[in-house]
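The structure under discussion appears below in the form of C-alpha cells.
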Amino acid sequence: MDESGALRRAGWAGAASVVLLVAAVALCYLVGVDDPSMSDSDILERLNDDGRQAAAGIGVPVLAAGVALLLWFATGLRRVLDRLSGGDPLAHAVVPGAALFGGLMITGVSLDVGSAFAAWSDEFTADPNTVRALGMAGQVLALTGLAGCAVVVAVTTRIAHQAHALPTWAIWVSYAVAVLCMTGFWSGGMASAAFALRLIGAVVAVLRMARQTPPVPRATP
C-alpha cells in the first residue's frame, strides 16, 4: 500500500470537505427557518421562493458529499494518530466521531429545509408554526452533532500532546475548542467556526505527514 499517497488523498479530501460543508450550510440557510421571531409572512416568502428552493435542492447533496469526504479524511487522520501513538486504540474514535457529526448534520439540515421542499407541491400548505418547530428541531440536531466534533478534537489533541507534536499553547486552545463543541446548541456558530479552523489545522498536519512518508518503491519485474 502506498501510505504516502493514501494520506495525501485523505488530506485533500479533508480540505474539500471544509469547502463543501461551508457552501452547503450557506445554500440551505437561504431557505431554512431557525429563528422563531421571524414573521409569518417572511417564513412563507422564504418557503415559496423558487430561487431559495433551488439553492436548498443543491445544498443538501453538496452537504452529503462534504460529509462523505470528511469521513474519508477521518480515516487518514486515524492513520496519522495510530503512527503518533504507537497504536493507541483511542485513535479509532475519530471516525465514529466524524460519523456522528455528519449524520446529525444531514438530519438537522433536512428537517430545516424539508418544508421548502414540500412547498414545491401544490398539495402542501405551509403552516408557519410547524415550520418554526421543524427549523428549531433541525438546528438543535445539527448543533448537537458538534459533540462528534468534540470527540475528534479531544482525541487528536490528547495523542498529539502525548507525542509532543504540538506546543503547549496549541494543546490548550484545542482542548478549549473541544469544550466549546460540547456546548453544542448554546455556542452555536462560534463552535462551528472553531471546529472548522481546527479541521483545517488537522488537514495541514495530515498533508505534512504524507510528505514525510516515503513512497513505497515499485516492484521491478
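Residues: numbered from 1 along the sequence shown.
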Find out whether V67 and I106 are in side-chain contact, i.e. whether some heavy atom of one side chain is under 4.5 Å from a heavy atom of the other. yes
Using side-chain heavy atoms (C-beta onward) and a distance below 4.5 Å, is V95 in contact with F73? no
Tell me the closest heavy-atom pair linking V94 and A74, and the distance in Å. CG2-O, 3.7 Å
Given side chains that start at C-beta, do those of V60 and C28 come closer than 4.5 Å, heavy atoms only? yes
Rounded to the nearest 0.5 Å, what's the gap from CG on L71 to CG on L77? Could you check? 12.0 Å
Closest non-hydrogen contact found for L141 with G108 is CB-CA, 4.0 Å
Is the closest side-chain heavy-atom distance between D112 and Y29 below 4.5 Å? no
Nearest heavy-atom contact between R9 and W72 is CB-CZ2, 3.8 Å
Please report the closest heavy-atom contact between A93 and V155, naming both atoms and the distance. CB-CG2, 4.1 Å
Can H161 and L166 be said to form a side chain to side chain contact (heavy atoms under 4.5 Å, CB included), step by step? CA-CA 6 Å; H161 187 194; L166 288 175; over 6 Å; no
Does atom CE of M182 have more than 12 heavy-atom neighbours from other groups under 6.0 Å away? no
How close do S85 and D88 get, heavy atom to heavy atom, and via which atoms? OG-N, 3.0 Å
So, do L111 and Q139 sit near enough that their side-chain heavy atoms are less than 4.5 Å apart? no
Should L100 and V151 count as side-chain neighbours, where that means a heavy-atom distance under 4.5 Å? no
Check for a donor-acceptor pair, side chain of S17 on one end and backbone N or O of G14 on the other, with a separation under 3.5 Å. yes
Quick check for you: to the nearest 0.5 Å, what is the distance between M105 atom CE and T144 atom OG1? 12.0 Å
Option among L180, V153, T157 that satisfies the side chain to side chain contact (heavy atoms under 4.5 Å, CB included) test with Y175: T157
Tell me, do H92 and D82 make a side-chain contact under 4.5 Å, heavy atoms counted? yes
Pairwise side-chain contact, V80 with L7, heavy-atom cut-off 4.5 Å (strictly under): yes
May I ask you to say whether R132 pairs ionically with D40, meaning some side-chain N is under 4.0 Å from a carboxylate O? yes
